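Just so it is clear, the structure is predicted and the values come from calculations on it, not from any experiment. Lettering of chains follows the sequences in order, A, B, ..., and the numbering in each one begins at 1.
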Amino acid sequence: NAGVTQTPKFQVLKTGQSMTLQCAQDMNHNSMYWYRQDPGMGLRLIYYSASEGTTDKGEVPNGYNVSRLNKREFSLRLESAAPSQTSVYFCASSEASSGRRNTEAFFGQGTRLTVV
Amino acid sequence: QKEVEQDPGPLSVPEGAIVSLNCTYSNSAFQYFMWYRQYSRKGPELLMYTYSSGNKEDGRFTAQVDKSSKYISLFIRDSQPSDSATYLCAMSYLSDYKLSFGAGTTVTVRA
């Protein structure tokens, strides 16, 4: 009964380093999302994928890239980490599809990333 | 101006009190309204989901939507220490995959 699984849970990077955050869901959901959460800012959408093979920018995409590897997996890559990317990152998935847009989003447990 | 504004809190209430949480929004195109609950160091989980104006009740929780005023509320009756969490409002357009979130209000219920 895993739901949405994110790895790693914690990471410390040096400025300029790169890393990939992994996300997998086992609910056969069509849509997947990456959010970042900062104090006082709520959840802000970085990228989303409405279906396998498609990705779209959200509110704050700069400095990030994503890959929808298959229906289950959606990864987020930081090519050159900056201190401004210190945040908690959440992956989410939902049943949303072209025929049914507004459904519940299920979230992972988060990745706490610190860039020094 | 952010699309979704949420009362920042934090709120601290005694056990048994009614908790009132509020969000306002600027875009009348929002049609779906949600409340998520987030415990410390956990991911958000859906608490309430409403589409139309009016009230929706689920146990001790009532969600209220006033589209004419662009205002949504969540009420928690007979609050319990286990209700201590951050509450996030969220909303989306009719034909959209994305959710827009408020900043969240942290609630502490004192035993």
| Does A/L45 belong to the same Ile/Leu/Val/Met/Phe/Trp/Tyr cluster as A/L76, with side-chain heavy atoms less than 4.5 Å apart forming each link? | no
| said: Please classify the contact of B/L88 with chain A as side chain, backbone, both or neither, using a heavy-atom distance under 4.5 Å. | reply: side chain
| Roughly how far, to the nearest 0.5 Å, is CZ of B/R41 from CZ of A/R112? | 4.0 Å
| note | Looking only at B/Q38, B/Q6, B/E45, the option with the highest number of non-hydrogen pairs under 4.5 Å against chain A is B/Q38
| message | With heavy-atom distances below 4.5 Å as the criterion, would you say the side chains of A/Y48 and B/K98 are in contact? | response | yes
| query | Do you know which of A/G108, A/A105, A/G110 has the most heavy-atom pairs with chain B at a distance under 4.5 angstrom? | reply | A/A105
| What part of B/Y36 is in contact with chain A, defined as an atom under 4.5 angstrom from a non-hydrogen atom: side chain, backbone, both or neither? | side chain
| Should B/L99 and A/Y35 count as side-chain neighbours, where that means a heavy-atom distance under 4.5 Å? | yes
| task | Against chain A, label B/P8 side chain, backbone, both or neither, depending on which of its atoms sit under 4.5 Å from a heavy atom there. | result | neither
| field | ILVMFWY cluster, A/Y33 and A/V60 together (side-chain gap under 4.5 Å) | value | no
| query | Given that the side chain runs from C-beta out, which part of A/Q37 has a heavy atom under 4.5 Å from chain B: side chain, backbone, both or neither? | reply | side chain
| task | Check the hydrophobic clustering (I, L, V, M, F, W, Y; side-chain heavy atoms under 4.5 Å; chains of links allowed) and say if B/V4 and B/Y71 are grouped together. | result | no
| field | Contact origin within B/Q31 toward chain A - heavy atom pairs under 4.5 Å | value | neither
| Would you say A/V4 and A/V66 are hydrophobically clustered, going by side-chain heavy atoms of ILVMFWY under 4.5 Å? | no
| note | In short, A/G40 meets B/A103 closest at the heavy-atom pair O-CB, 3.5 Å
| field | Cluster link B/M48 to B/F75, ILVMFWY, side chain under 4.5 Å | value | no
| Highest number of heavy-atom pairs under 4.5 Å with chain B: which of A/D56, A/V88, A/L43? | A/L43
